[in-house]
Amino acid sequence: MREIILPIDSIKTTLGETYGQDTRILSWVPITKTQGEQFVAWTTRGAWIGIGLMVVGWATIRFIGPAFGWWQVVY
């Protein structure tokens, strides 16, 4: 059992105070991997919201507006 724990102990001693902390994407960029993942999640969600709003706007301009007589679509 000690053989399994030994590599973890050596990693702890090697890393010292930084053991268990988030690692940076690059050493000179002050952004951790977790922060990078959160950024990707937020921007992906924002992109999908933008796509949805664009589809709603397109449907309004193309179908809803002309159906209510607000304007005419010119071909």
Revision key, fill the gap. In terms of heavy-atom contacts, T60 and P66 come closest through O-CD, 4.1 Å

Study note, to complete from the structure: dist T32:OG1 -> Q38:CD (nearest 0.5 Å) comes out at 7.5 Å

**Study point:** Whether W71 side chain and I61 backbone form a donor-acceptor pair below 3.5 Å
**Key:** yes

Check your understanding: Heavy-atom count around F63 CZ within 6.0 Å, excluding the residue itself: above 12?
Key -> yes

Point to revise | Cation-pi check, R45 onto W48 ring (under 6.0 Å, within 45° of axis) | key: no

